[in-house]
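Source: prediction; values computed, not measured. Every chain is numbered from 1, with letters handed out A, B, ... down the list of sequences.
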Amino acid sequence: SFQTLWAYILPALDKIMLP
Amino acid sequence: APAIDMQLYAGIHSACYNYITTQSTDTHKPDANSGSDIYNQLDKYFSELARSILSGLDTPDNSAEETELLARLLPAFQRFSSGAQTVNRLLNYVNRHYVRRAIDEDKGWLGMHDVMADFVRSPSAPSPLSIEEEKAARMASIAKLLGSPRSTGINLTTVTDDSPSRETLAQKYRERKVAVLATWGYDPNASDSGSSSGTAFRSTTTLAEAEAAAEAASESGRVILIGSLAHRRFRFDCVEPLLAIPKGVKKKGKKKKKNGGQGQGTEVAEDEKLAEGLAGVSLQAGGASSQAAGSSSSQAGGSSSQIGGSSTQQQDLPGPKGRLARAVKHLLEVDERPETERIRIAGELADMLRKVGVKIDHPLRKKLESFVVG
């Protein structure tokens, strides 16, 4: 589902985007 | 931004692939719709991040704002922007699958309908059909005309259709695109189209850079590459609030724009006048549907009565009232650091404004660029 996908992507986004 | 390891990259790529392909077979919806949820969620993510950067710019002591604002904003933007480029690569599958398809369907930053709006109004193209009929007929063939504008710049020359109007349309599209990209610094005749030198201010802009800025300048309804999507969100949710003129007593960080404009008198007029300078709306007034959420000042489109209506009001202001404008005034006129340092900062800020899609005719961009060049 989308939730599962997003749960997978989100940590990567945070790692890349957050200072 | 930190590098992403290959395994994670591959994992996310396959996860997106699996999700998008599974979704399209399950729902029997057109392929172009799949991926929109990822795209919209990303937009939300960038929005929240840009807002948190904006709120992080507040100082406990208002008096330090003018000296501190740029010192905090510019590194935060650099970090955000380089992260956005990484995310753009990480989610390239979404770019290829969803964004490219949307562009093919004329939902990109420069749509064929933008060009046609000019074309059907042109006296040199008289038609027995009504404008609406004409438009509808031409819209039907647009998808074929729009090849892959990003990859090659414009590849419409390959269209081998017997209709002369298609040729004309393709030509109009090319001309329009070149004209818009020129406003973002791209010079198709420049011999040096490579990457810029190490100077604080670049004299040449590559096609990709100009197109990325043009994308970031678009309205929120337009589908653009993920990297540009992040920059557009940074404009909506961080830069535009900093450029906005606060109403009445200044309240930091919380400025709401009233788009309706009924009965608000000069304050609304001033805000909308400012908004005109912000987004690349005027070149794209094609009536694309904008999302209601968070698109702020770019929604002020259509308020053409404001163009001539409020010019005198701004001249009455004693000094810049927007937070960013005050910081720039301080940098250019008061700051005692060496000039080279101030030019470097001004160059970085000018670069930021261009990247997020603030148009060249915005007063602040003009001021910064003339300081850097002069």
Side-chain angles (χ1 to χ4, degrees), chain A, chain B residues 1-5 7-23 26-27 34-50 52-53 56 72 75-91 93-94 226-227 229-230 233-234:
Chain A
S1 73
F2 178 71
Q3 297 307 326
T4 314
L5 175 73
W6 191 250
Y8 186 50
I9 294 176
L10 188 59
L13 286 182
D14 284 344
K15 189 181 167 199
I16 293 164
M17 297 296 296
L18 297 184
Chain B
I4 351 159
D5 68 63
Q7 225 171 357
L8 182 62
Y9 176 86
I12 286 180
H13 186 92
S14 337
C16 289
Y17 172 86
N18 289 335
Y19 175 73
I20 287 176
T21 50
T22 308
Q23 191 197 39
D26 278 358
T27 60
S34 60
S36 64
D37 40 11
I38 304 176
Y39 189 82
N40 292 333
Q41 192 67 32
L42 275 171
D43 197 26
K44 231 166 111 183
Y45 179 87
F46 292 135
S47 174
E48 281 164 14
L49 189 52
S52 78
I53 289 172
R72 287 193 308 273
F77 174 71
Q78 302 288 4
R79 183 71 177 74
F80 181 92
S81 182
S82 87
Q85 292 317 310
T86 305
V87 173
N88 191 60
R89 287 193 297 276
L90 180 71
L91 295 176
Y93 183 78
V94 180
I226 289 166
L229 180 71
R233 267 298 158 202
F234 199 84

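Between A:Ile9 and B:Cys16, the shortest heavy-atom distance links the atoms CD1-SG, 4.0 Å. Residues B:Ile12 and A:Ala12 come closest through the heavy atom pair CD1-CB, 3.5 Å.
The parts of A:Leu13 that come within reach of chain B are both its backbone and its side chain, each placing non-hydrogen atoms under 4.5 angstrom from that chain. Contacts of B:Leu42 with chain A are made by both backbone and side-chain atoms, with heavy-atom separations under 4.5 Å.
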So which donor and acceptor atoms of chain A and chain B come within less than 3.5 Å of each other?
| unit_1 | atom_1 | unit_2 | atom_2 | d |
| --- | --- | --- | --- | --- |
| A:Leu13 | O | B:Tyr45 | OH | 3.4 |
| A:Asp14 | N | B:Tyr45 | OH | 3.4 |
| A:Asp14 | OD1 | B:Tyr45 | OH | 2.6 |
| A:Ile16 | O | B:Arg79 | NH1 | 2.7 |
| A:Ile16 | O | B:Arg79 | NH2 | 3.3 |
| A:Leu18 | O | B:Arg79 | NH2 | 2.6 |

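Atom CZ of B:Phe80 and atom CD1 of A:Ile16 lie 12.5 Å apart (nearest 0.5 Å).
Among B:Ile53, B:Ile4, B:Leu8, B:Leu49, the residue making the largest number of heavy-atom pairs under 4.5 Å with chain A is B:Leu49.
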